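Taking it in order: structure first as structure tokens, then the write-up.
Just follow the structure's listing: the first ligand is 1, and inside any ligand the first atom is 1. None of the values given here were measured: they were computed from a predicted structure.
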Amino acid sequence: MTFALFACTHLGQAMAASSLVVKLYPHDELADTSNDQLRKDYVQPWLDEMRKVTNHSIEVIFQRNIAGVTDIPYQQIAPTETLATFRHAVPASYSEMSVLLTKNDFGKDDGSSRAVAGLASPTWPYAIASLVTYTALAHELGHLMKATHEAAELRFNPWVCETYVYPERMPLRSNCYRYSDENRTRIARHLDFVLNQ
Ligand SMILES: [Zn+2]
């Protein structure tokens, strides 16, 4: 039993060299916001958290000015249609996640009373995320890595804060800038699965 556990651990560490690529596609309307600014405000806190979650290295690449992708008229179509359009326009790879970043929210989906801040494909590896909250990007990336609302939680730091995949964003609560312990486990397991192929 002990030997089996040791073997598993050793295997995991030895195979942790594969890296994850995250391709971010800032919408053309974000031309005035530099990649450095986006990285500082939206990406670095997530990378800091991911360093605690997985040994896999993560490379973030910005892709701009791509016709049919960074000019999707997302405010004129339903959020699900924006995601579908994005999904069909960018190439797929099992070691990559691709996210369209927008300045505003995505409006309301049919039957919903609330504006959508982000949406993730139920299968790897596409999402859309608005910059209206600091956490929509990390929330959707979490979904792509199998994090769930059910496994998310409120924590205290010391004020009550929402972990990244908490379903309801409430202004009175702060951000924890981390995933719940259970979602950390789910994400680590998922990355080991897709990157150790
Ligand atoms: Zn969600």
Side-chain angles (χ1 to χ4, degrees), residues 20-27 30 38 41-50 52-54 58 60 72 74-75 77-88 90 92 94 96-157 159-191 193-194:
L20 171 69
V21 175
V22 179
K23 287 190 175 167
L24 300 179
Y25 293 77
H27 196 277
L30 291 164
L38 292 176
D41 292 343
Y42 296 90
V43 178
Q44 196 55 51
W46 176 74
L47 283 174
D48 293 344
E49 162 64 359
M50 287 302 289
K52 296 171 188 153
V53 174
T54 180
I58 300 175
V60 177
I72 294 173
Y74 71 93
Q75 289 184 292
I77 58 180
T80 44
E81 196 181 339
T82 297
L83 179 60
T85 305
F86 179 64
R87 195 178 70 229
H88 290 124
V90 301
Y94 270 104
E96 285 180 12
M97 297 194 290
S98 295
V99 186
L100 176 69
L101 295 179
T102 65
K103 194 175 193 171
N104 301 299
D105 64 54
F106 296 96
K108 296 167 184 170
D109 245 329
D110 289 347
S112 168
S113 59
R114 290 174 181 226
V116 173
L119 206 56
S121 175
T123 52
W124 182 267
Y126 301 102
I128 57 176
S130 161
L131 303 183
V132 289
T133 78
Y134 283 109
T135 55
L137 173 60
H139 181 113
E140 303 309 332
L141 288 173
H143 278 315
L144 292 182
M145 299 181 290
K146 304 299 178 209
T148 66
H149 292 166
E150 293 71 25
E153 64 185 4
L154 295 175
R155 296 176 65 93
F156 296 91
N157 71 346
W159 188 250
V160 63
C161 68
E162 299 166 0
T163 52
Y164 277 142
V165 190
Y166 203 77
E168 297 292 331
R169 182 76 194 97
M170 281 183 58
L172 282 177
R173 295 191 292 240
S174 65
N175 297 318
C176 306
Y177 292 103
R178 58 159 291 176
Y179 294 104
S180 66
D181 288 341
E182 190 180 338
N183 273 330
R184 280 181 170 184
T185 302
R186 293 177 66 86
I187 289 168
R189 201 183 302 140
H190 178 71
L191 290 180
F193 178 74
V194 293

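More than 12 heavy atoms of other shown residues, nucleotides or ligands fall within 6.0 angstrom of atom NZ in K146.
Remark: E150 engages no residue in a salt bridge (charged side-chain N to carboxylate O under 4.0 Å, His left out) (not counting sequence neighbours). Residues meeting the ring pair (Phe, Tyr, Trp, His ring centres under 6.0 Å) test with Y74, sequence neighbours left out: H27, F106. When the side chain to side chain donor-acceptor pair (under 3.5 Å) test is applied to E81, no partner is found at least two apart in sequence or on another chain.
In this structure, D48 CG and Y177 OH are separated by 12.0 Å, a value rounded to the nearest 0.5 Å.
Inter-residue side-chain proximity for V194 and M145 is flagged as unmet; no heavy-atom pair is nearer than 4.5 Å.
Around the Zn ion (ligand 1), protein atoms of type N, O or S found under 2.8 Å number 3.
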